Q: 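What follows is a single structure, and I will ask about it in a moment.
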Amino acid sequence: MNSPENQSLTPLLQRIAEALERLAPVAPSAIDLDAADAFIWHPESDRLEPVLHINRVDFALLQGIERQAETLFENTRRFAEGLPANNALLWGSRGMGKSSLVKAVHARVNEAGNGKGRLVLVEIHREDIPSLPRLLQLLRQTDRPCVLFCDDLSFDGEDASYKSLKAVLEGGIEGRPANVIFYATSNRRHLMPRDMIENERSTAIHASEAVEEKVSLSDRFGLWLGFHNCDQDTYFAMIEGYAERYGLAIPKDQLRAEAKEWGVTRGGRSGRVAWQYIQDLAGRLGKRLED
């Protein structure tokens, strides 16, 4: 029965219902992982942005890390074929090709797969790790194998987001989806600075338990690959490989002399330093670095 009192409440109830609808979280939209082979995660809008051109180095040009390269390639190939594979932590010296290797392996596996079971590379930024569970919910919607990649992963101070990463990697109720594997690069083997771990040991009531909780994050990665500073011969091999690939015509003695001086001015030798020298050389020769 429509009494005057009920009629007067109707507009109010309608406004309340509309307000509650606006406050309700938006259901995640379906994703189209066929749009590209690589994506960047934007947690503020729960969106995966397609990357149509991936900035990467060819697998064959990665010098001095042959063992790490083949190990990661085999792990990734098995994953792409639906076989058991491990999450991987690539740790060690700066500029020695950790992130370049992940991108190069992604390309090589897709090339070897002849279009079948093509891998998706999804990059999540370090500061967006707390949103990882939401990203995994989206990736569960597809059957395409996904390499979830976080570059320069580490934790400092009171940052507790490592706990959510631990649960996602292995220990949560749901765990990671079967079609997702997690690769991370870091300058630290245990992802946390030594003084942070030592501080936990000195202040905790049960010091060993506190330290174990933090160090055990690295243990969730079944595959550890170490990267170390290269020697001069490896550095020259990097330089000469780039010069040959991009047709940079310069006498070998001059190439080595310039590369050596470039490394001295940069305070060391690494794959990054080698590439920076090649960019300078190509610019002086008026050559474009295009395959």
Side-chain angles (χ1 to χ4, degrees), residues 33-41 48 50-93 95-124 139 142-153 176-186 221-228 230 234-235 237-247 270-272 274-275 278-279 289-291:
L33 288 187
D34 292 326
D37 281 341
F39 297 82
I40 296 176
W41 169 240
L48 285 167
V51 178
L52 300 181
H53 177 73
I54 303 173
N55 179 28
R56 59 186 167 209
V57 176
D58 188 83
F59 189 89
L61 291 176
L62 298 174
Q63 300 287 333
I65 54 172
E66 289 82 4
R67 181 187 61 81
Q68 298 93 323
E70 285 303 320
T71 300
L72 189 67
F73 171 74
E74 284 300 318
N75 189 71
T76 311
R77 179 190 60 79
R78 290 193 295 267
F79 169 70
E81 294 177 358
L83 297 171
N86 278 306
N87 299 312
L89 174 62
L90 289 69
W91 67 274
S93 301
M96 279 306 297
K98 297 185 295 295
S99 59
S100 294
L101 178 56
V102 172
K103 292 181 285 187
V105 162
H106 167 251
R108 187 183 177 197
V109 169
N110 278 347
E111 290 168 1
N114 298 318
K116 297 181 180 179
R118 290 183 66 83
L119 281 173
V120 179
L121 184 65
V122 179
E123 183 173 11
I124 180 171
L139 298 182
T142 179
D143 291 330
R144 269 189 92 176
C146 302
V147 175
L148 187 52
F149 173 49
C150 184
D151 192 23
D152 198 20
L153 179 64
R176 61 180 170 88
N179 66 316
V180 175
I181 200 168
F182 191 88
Y183 287 177
T185 70
S186 178
F221 294 88
L223 187 61
W224 287 8
L225 297 174
F227 292 70
H228 310 286
C230 64
T234 302
Y235 176 63
M238 294 174 182
I239 296 289
E240 291 164 7
Y242 283 135
E244 181 179 357
R245 167 62 65 89
Y246 297 111
S270 70
R272 181 176 296 142
W275 178 246
I278 288 295
Q279 288 181 303
L289 297 178
E290 299 175 348
D291 287 322

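We use all heavy atoms of the structure for the numbers below, so side chains are in, but hydrogens, waters and symmetry mates are not. If you're wondering where the values come from, they're calculated on a predicted model, not measured in any experiment.
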Q: Look only at the side chain of Asn110 and the backbone of Leu119, and say whether a donor-acceptor pair between them is shorter than 3.5 Å.
A: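 Yes; at least one donor-acceptor contact below 3.5 Å.
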
Q: Measure the CG-CG distance between Leu72 and Leu101 for me, rounded to the nearest 0.5 Å.
A: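 Rounded to the nearest 0.5 Å, the CG-CG separation comes to 5.0 Å.
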
Q: Please give me the minimum heavy-atom distance between Cys146 and Leu33, naming the atom from each residue.
A: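 Looking at all heavy atoms of both residues, the closest pair is SG-CD1, 3.8 Å.
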
Q: Is there a side-chain contact between Thr185 and Phe149 in this structure, where contact means two heavy atoms from C-beta onward sitting under 4.5 Å apart?
A: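 Contact flag for Thr185/Phe149 side chains = yes.
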
Q: Using modelled atom types only, decide if a donor and an acceptor are shared between the side chain of Asn86 and the backbone of Asn75 within a distance under 3.5 Å.
A: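 No, the answer is negative, given that no donor and acceptor are paired below the 3.5 Å cut-off.
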
Q: So His228 and Trp91, would you call those rings parallel, tilted or perpendicular, with 30° and 60° as cut-offs?
A: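 Rings of His228 and Trp91: perpendicular, over 60°.
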
Q: Glu81: what forms a side-chain hydrogen bond (donor to acceptor under 3.5 Å, both in side chains) with it, not counting sequence neighbours?
A: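 Arg77.
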
Q: Do you know the tightest heavy-atom contact between Pro50 and Ala35?
A: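 Result for this residue pair: CG-CB, 4.5 Å.
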
Q: What are the two closest heavy atoms between Ala107 and Arg56, and how far apart are they?
A: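 That closest heavy-atom pairing would be CB-CZ, 3.4 Å.
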
Q: To the closest 0.5 Å, what do you measure between CG (Leu225) and CD1 (Ile65)?
A: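 So the gap between those two atoms works out to 9.5 Å.
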
Q: Does Lys103 reach the main-chain N or O of Val57 with its side chain, forming a donor-acceptor pair under 3.5 Å?
A: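 Checking the backbone N and O of Val57 against the side chain of Lys103, no donor-acceptor pair under 3.5 Å is found.
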
Q: What heavy-atom pair brings Ser186 and Leu89 nearest, and what distance separates the two atoms?
A: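 Smallest heavy-atom distance, with atoms named: CB-CD1, 4.2 Å.
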
Q: Could you report the tightest heavy-atom contact between Ala85 and Phe79, atom names first, then the distance?
A: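 Nearest pair, atom of Ala85 first, then Phe79: CB-CB, 3.7 Å.
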
Q: Around Asp152, counting heavy atoms of other residues, nucleotides and ligands shown, do more than 12 lie under 6.0 Å from its CG?
A: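 Correct, the count exceeds 12.
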
Q: Less than 4.5 Å apart, side chain to side chain, heavy atoms only: is that true for Leu48 and Leu139?
A: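 They are in contact (side-chain heavy atoms under 4.5 Å apart), so the answer is yes.
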
Q: Go through the structure and list residues passing ring pair (Phe, Tyr, Trp, His ring centres under 6.0 Å) with Tyr242, not counting sequence neighbours.
A: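 Residues passing ring pair (Phe, Tyr, Trp, His ring centres under 6.0 Å) with Tyr242: Trp275.
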
Q: With Thr76, which residues qualify under side-chain hydrogen bond (donor to acceptor under 3.5 Å, both in side chains), at least two apart?
A: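 Tyr183.
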
Q: Less than 4.5 Å apart, side chain to side chain, heavy atoms only: is that true for Leu121 and Val102?
A: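 Yes. Closest side-chain heavy atoms under 4.5 Å.
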
Q: Report yes or no: does Lys98 contribute a side-chain atom to a donor-acceptor pair with the main-chain N or O of Ser93 at less than 3.5 Å?
A: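 Pair found, side chain donor or acceptor close to backbone of Ser93.
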
Q: Quick one: does Phe59's side chain get under 4.5 Å of Val105's, heavy atoms only?
A: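 Contact flag for Phe59/Val105 side chains = yes.
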
Q: Tell me, please, which residues at least two apart from Asn179 pass side-chain hydrogen bond (donor to acceptor under 3.5 Å, both in side chains).
A: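 side-chain hydrogen bond (donor to acceptor under 3.5 Å, both in side chains) list for Asn179, sorted by chain: empty.
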
Q: Among all residues two or more places apart in sequence or in another chain, which pass the salt bridge (Lys or Arg N to Asp or Glu O under 4.0 Å) test with Glu123?
A: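 Here no residue qualifies.
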
Q: Flag yes if more than 12 heavy atoms outside Glu66 fall under 6.0 Å of its CD atom; otherwise flag no.
A: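 Yes.
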
Q: Just to verify, which of Val122, Val147, Leu148, Thr142 counts as forming a side chain to side chain contact (heavy atoms under 4.5 Å, CB included) with Val180?
A: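 Output: one option passes, namely Leu148.
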
Q: Do the side chains of Leu90 and Gln68 get nearer than 4.5 Å, heavy atoms only?
A: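 Side chain of Gln68 against side chain of Leu90, heavy atoms only: no contact under 4.5 Å found.
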
Q: Who passes side-chain hydrogen bond (donor to acceptor under 3.5 Å, both in side chains) against Gln63, sequence neighbours left out?
A: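 If we apply the side-chain hydrogen bond (donor to acceptor under 3.5 Å, both in side chains) test to Gln63, skipping adjacent residues, there are no hits.
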
Q: Could you check whether Asp37 pairs with Arg144 (Lys NZ or Arg NE/NH1/NH2 to Asp/Glu carboxylate O, under 4.0 Å)?
A: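 Salt bridge: yes.
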
Q: Calculate, to the nearest 0.5 Å, the distance between atoms CD and CZ belonging to Glu111 and Arg118 respectively.
A: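 Rounded to the nearest 0.5 Å, the CD-CZ separation comes out at 8.5 Å.
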
